[in-house]
Amino acid sequence: MAYLSRRIQGVQPYKAGDQPEGECVKLNTNENPFPPSPAVRAALNTQVDRLNLYPQIESEDLLSVIARREGLQESQVFAGNGSDEVLALCFPAFVDEDRPIRMPTLTYSFYPVFASLFTLPCTRVAMKGLDIDVDALLDGDGPVILANPNAPTGRALPLSVLRQMAERQQKKGDLLIVDEAYIAFGGESARPLLDEFDNVLITRTLSKDHSLAGLRVGYALGSPALIDGLRRAKNSFNSYPLDRLACAAAVASLEDEGYFAACRDEIVRTREFFHQRMVALGFEPNPSCANFVFMRCPGVPGKAVFEALKARRIFVRRFDQPGIEDYLRITIGSRAQMEALLAALHEILPALRGQGKEC
């Protein structure tokens, strides 16, 4: 560990899902099973001969499209390399050493990593089963961050609850950050709150709903003061975070609303079909508002199912965390991918039943 800072020595990095090569059924990283809009290819071609030039510093063309879609001013929109970078910048921009950022214990596992990296305090608030304990989350000073729909459960808080949270945070002079990575697939967006509150920041990504995980485009919506905070953090780190290809692809994809809606609707239909089939197999799926389902099979160890599927080159996600170690998070892929998973489970489960305890 020579030459490493104490800060980086103490960080436990985020662990992403497996990225297997070759033939497989990949349902572990919540990617969209459909290719991007056909308009993306043409948009990329317009930029190839301009890659010798830096991109726009603030991705102004992209901000303009997002602002128009959301009914906001460009000063209320920020863009970055996927929502992960946007979320990371929230920590130095909005968290102080004497006011811990508060988050549920069961949430996107990158949040505590960001806090650790920037040596900022965080408070992890216990859940009520698989539900966020809203009162406990707000019972303290400091900004609050949550994913809605939540990861990895897929459950979503209604807009009425988000409004109450924003109001309670505002009375304390604190921020509410709502990570809407999966909002396109269900649930109520916090977007209306931006017309009422100046302490709400929404982050989103085009990785899931617009099939652009490979280009890394995310953005934030909020008051001009909050967006200025993100820009100050970004411009102290990387003035050109989004390249020309990513911006052009994002603009083309956002403008092709028909293609986006068709793909989203098919994913939602497949999610409902898969939910029903898994119930028939004996699984207990959570009601999901995301492009994944979070479920367990009582009496069957989650690790055993995970490993048996992996041996067949079918990849799902499992979190080795107390209380959810028997749950699997399964991305909603194409109908053919979900049928392949179901067929494998029909063969796997009889040998695995009874190995675990009922819970």
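A single hydrophobic cluster is seen to contain both Leu89 and Phe110, as judged by linkage of ILVMFWY side chains at heavy-atom distances under 4.5 Å, directly or through other members. Note on Phe260 and Leu44: separate hydrophobic clusters, where clusters join Ile, Leu, Val, Met, Phe, Trp and Tyr whose side-chain heavy atoms are under 4.5 Å apart, directly or indirectly. Criterion: ILVMFWY side-chain heavy atoms under 4.5 Å apart, direct or through other members. Under it, Leu201 and Ile183 are not part of a common hydrophobic cluster. Placement of Tyr219 and Val40 within a single hydrophobic cluster is found when ILVMFWY residues are connected by side-chain heavy-atom separations under 4.5 Å, directly or transitively. No path of Ile, Leu, Val, Met, Phe, Trp and Tyr side chains, each step under 4.5 Å between heavy atoms, connects Leu175 with Phe197, placing them in separate hydrophobic clusters.
Residue pairs meeting the salt bridge (charged side-chain N to carboxylate O under 4.0 Å, His left out) criterion with at least one partner in residues 266-279, sequence neighbours excluded, are Glu266-Arg269, Arg277-Glu339. Applying the salt bridge (charged side-chain N to carboxylate O under 4.0 Å, His left out) definition to pairs two or more places apart or across chains, those involving residues 150-169 are Asp131-Arg155, Asp135-Arg168, Arg163-Glu196.
Salt-bridge annotation for Arg318 and Glu307: absent, with no side-chain N of the basic residue lying under 4.0 Å from a carboxylate O of the acidic one. A salt bridge links Glu31 with Lys26: the distance from a Lys NZ or Arg NE/NH1/NH2 to an Asp or Glu carboxylate oxygen falls below 4.0 Å. For Glu23 and Arg313, the salt-bridge test fails: no basic side-chain N is under 4.0 Å from an acidic carboxylate O. Looking at Glu58 and Lys234, a side-chain N of the basic residue comes within less than 4.0 Å of a carboxylate O on the acidic one, giving a salt bridge. At a threshold of 4.0 Å, the pair Arg204-Glu70 counts as salt-bridged, since one of the basic side-chain nitrogens sits closer than that to a carboxylate oxygen.
To the nearest 0.5 Å, the span separating CG on Leu63 from CD1 on Ile227 amounts to 9.0 Å. To the nearest 0.5 Å, atom CE of residue Met127 and atom CG of residue Leu130 are 6.5 Å apart. If you take CG on Leu106 and OH on Tyr327, they are separated by 9.5 Å, rounding to the nearest 0.5 Å. Note that OG of Ser59 is 4.0 Å distant from CG of Leu242, once rounded to the nearest 0.5 Å. Between the CD1 atom in Ile132 and the OG1 atom in Thr107 there is a gap of 6.0 Å [rounded to 0.5 Å]. For the atom pair Leu215 CG and Leu206 CG, the distance stands at 9.5 Å (nearest 0.5 Å).
Taking 4.5 Å as the limit, some side-chain heavy atom of Asp174 sits within range of a side-chain heavy atom of Arg99. Residues Ile324 and Phe294 have side chains in contact (heavy-atom distance under 4.5 Å, counting atoms from C-beta outward). Between Ile267 and Arg264, the closest side-chain pair of non-hydrogen atoms is not below 4.5 Å. Annotation: side chain of Ile202 is in contact with side chain of Leu194 (closest heavy-atom distance under 4.5 Å). Residues Met295 and Asn286 are not in side-chain contact: their nearest non-hydrogen atoms beyond the backbone lie 4.5 Å or more apart. Between Met103 and Leu146 there is no side-chain heavy-atom pair separated by less than 4.5 Å. With a 4.5 Å cut-off on side-chain heavy atoms, Leu159 and Pro192 count as touching. When side chains are defined from C-beta on, Asp179 counts as touching Tyr111, because their heavy atoms get closer than 4.5 Å.
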Discussion item. Show, in sequence, the C-alpha distance, side-chain angles and deciding distance for Tyr108 and Asp84, and conclude whether the side-chain hydrogen bond (donor to acceptor under 3.5 Å, both in side chains) test is met.
Written reply: CA-CA 10 Å; Tyr108 185 30; Asp84 283 343; 2.6 Å; yes

Fill in: Arg296 vs Leu328, side-chain contact (heavy atoms from CB on, under 4.5 Å): CA-CA, chis, key distance, verdict
CA-CA 6 Å; Arg296 65 177 179 176; Leu328 300 176; over 6 Å; no

Practice prompt. Show the numbers, then the answer: is there a side-chain contact (heavy atoms from CB on, under 4.5 Å) between Ser253 and Leu212?
Written response: CA-CA 9 Å; Ser253 183; Leu212 290 178; 4.0 Å; yes

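Between the side chain of Asp243 and the backbone N or O of Ala246, at least one donor-acceptor pair lies under 3.5 Å. No side-chain donor-acceptor contact under 3.5 Å links Ser83 to the backbone of Val86. The main-chain N or O of Asn199 is never found under 3.5 Å from a side-chain atom of Gln170 such that the two would form a donor-acceptor pair. Distance alone, capped at 3.5 Å, is enough to place a donor-acceptor pair between the Asn32 side chain and the Phe34 backbone. Side chain of Glu284 to main chain of Cys297: no donor-acceptor pair is present (N/O by atom type, distance under 3.5 Å, no hydrogens or angles). Using a distance-only test at 3.5 Å, with no hydrogens or angles considered, no donor-acceptor pair links the side chain of Asp228 to the main chain of Pro224. No donor-acceptor pair under 3.5 Å is formed between the side chain of Arg102 and the backbone N or O of Arg124. With Lys172 contributing its side chain and Leu138 its backbone, the two residues share a donor-acceptor pair below 3.5 Å. Side chain of Gln169 to backbone of Gly142: a donor-acceptor contact under 3.5 angstrom is found. Asp326 contributes a side-chain N or O that, together with a main-chain N or O of Gly302, makes up a donor-acceptor pair within less than 3.5 Å.
For the 3.5 Å distance criterion, the side chains of Thr331 and Asn30 qualify, holding a donor opposite an acceptor. Counted by atom type alone, Tyr182 and Asn148 present zero donor-acceptor pairs between their side chains at under 3.5 Å. No side-chain donor from either of Arg317 and Thr29 sits under 3.5 Å from a side-chain acceptor of the other. A donor-acceptor pair shorter than 3.5 Å cannot be found between the side chains of Gln76 and Ser223.
Residues Ala248 and Ala43 share a closest heavy-atom pair of O-CB, 3.5 Å. In terms of heavy-atom proximity, Val316 sits nearest to Leu309 at CG2-CD1, 4.1 Å. Taking both residues in full, the closest heavy atoms of Pro33 and Gln337 are given as CB-OE1, 4.0 Å, listed atom of the first, atom of the second, then distance.
Partners of Asp98 according to the salt bridge (Lys or Arg N to Asp or Glu O under 4.0 Å) rule, which considers only residues two or more places apart in sequence or in another chain, do not exist here.
With Phe273 as the aromatic partner, Arg335 meets the cation-pi criteria of under 6.0 angstrom to the ring centre and within 45 degrees of the ring axis. Taking the ring centre of Phe292 as origin, the terminal cationic atom of Arg329 falls inside the region bounded by 6.0 Å and 45° from the ring axis.
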